[in-house]
Amino acid sequence: MTDITTTVSAIHTMTSDQIDRVIEAVKLRRTALAKGAARSIRVGDRVSFTGRGGAHIQGTVHKVNPKTVIVDTASSGRWRVTASMLSVC
């Protein structure tokens with residue numbers, strides 16, 4: 001936890017340009033995580049995720065995109081979900 005505290009403290013002292021560089025690094029890392037997660041998911045897999053309002057939703061993978069997955073649920077239709085937010089059931 002001290003690494004996070006140190007990072008947050010460093011952000012408070014940064015200039016706008018430095019913060020922009022940090023934001024770009026975070027975006028790149030999130031993209032890499034999403035793409036890595038999408039590679040491990042296959043059409044037909046049963047998955048779950050937390051939907052809007054905190055609802056726990058389960059469904060079947062309909063399509064896998066580079067960063068997102070289309071999940072078909074019986075009760076609430078199809079959802080486009082970031083792959084890193086999914087858990088395989």
Side-chain angles (χ1 to χ4, degrees):
M1 195 65 166
T2 59
D3 289 340
I4 293 173
T5 305
T6 304
T7 304
V8 170
S9 296
I11 289 171
H12 287 294
T13 63
M14 291 181 179
T15 66
S16 182
D17 289 339
Q18 291 170 325
I19 291 173
D20 288 342
R21 290 178 62 193
V22 170
I23 290 169
E24 185 63 27
V26 170
K27 287 180 182 179
L28 287 172
R29 181 64 180 141
R30 281 188 177 159
T31 297
L33 289 172
K35 286 182 177 182
R39 283 192 292 269
S40 67
I41 296 172
R42 303 285 178 246
V43 172
D45 284 352
R46 295 281 300 158
V47 294
S48 64
F49 62 96
T50 303
R52 295 184 189 106
H56 183 74
I57 299 172
Q58 289 187 340
T60 305
V61 173
H62 176 74
K63 182 179 179 183
V64 179
N65 296 315
K67 294 192 301 186
T68 61
V69 176
I70 307 297
V71 178
D72 193 9
T73 64
S75 60
S76 57
R78 289 189 176 160
W79 293 66
R80 182 175 43 202
V81 183
T82 301
S84 59
M85 294 178 62
L86 295 174
S87 299
V88 178
C89 298

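What's counted below: heavy atoms across the whole structure, side chains too, no hydrogens, waters or symmetry copies.
Both Val69 and Val88 are part of a single hydrophobic cluster, where members link through side-chain heavy atoms under 4.5 Å apart. By the criterion of side-chain heavy atoms lying less than 4.5 angstrom apart, applied directly or through intervening Ile, Leu, Val, Met, Phe, Trp or Tyr residues, Val61 is not grouped with Ile70; the two fall into different hydrophobic clusters. Follow the hydrophobic side-chain contacts under 4.5 Å out from Met14 and you reach Ile23 in the same cluster.
Taking 4.5 Å as the limit, every side-chain heavy atom of Met85 sits out of range of all side-chain heavy atoms of Thr50.
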Test log, rule side-chain contact (heavy atoms from CB on, under 4.5 Å), inputs Arg42 and Val64: CA-CA 7 Å; Arg42 303 285 178 246; Val64 179; 5.9 Å; no

Between Asp17 and Arg21, does a side-chain contact (heavy atoms from CB on, under 4.5 Å) hold up when you go through it step by step? CA-CA 6 Å; Asp17 289 339; Arg21 290 178 62 193; 5.9 Å; no

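Atom-to-atom distance recorded for Ile57:CD1 and Ser48:OG is 10.0 Å, nearest 0.5 angstrom. Taken to the nearest 0.5 Å, the NZ atom of Lys63 stands 10.0 Å off from the CZ atom of Arg80. Note that CD of Gln58 is 11.0 Å distant from OG of Ser76, once rounded to the nearest 0.5 Å. Put simply, CD1 on Ile19 and CD on Glu24 are 14.5 Å apart, with the number rounded to the nearest 0.5 Å. Taking CD1 of Ile41 as the reference point, atom OG of Ser87 lies at 9.0 Å (rounded to 0.5 Å).
Of all non-hydrogen atoms in Arg46 and Thr60, the two that sit nearest each other are NH1-OG1, 3.1 Å. For the pair Ala83 and Ala34, the tightest heavy-atom approach, listed with the atom from each and the gap, is CB-O, 3.6 Å. For Asp72 against Arg78, the heavy-atom pair with the smallest separation is OD1-CG, 3.6 Å.
Screening residues 41-61 for ring-ring contact (aromatic ring centres under 6.0 Å, His included) gives Phe49-Trp79 as the qualifying pairs, with residues at least two apart or on separate chains.
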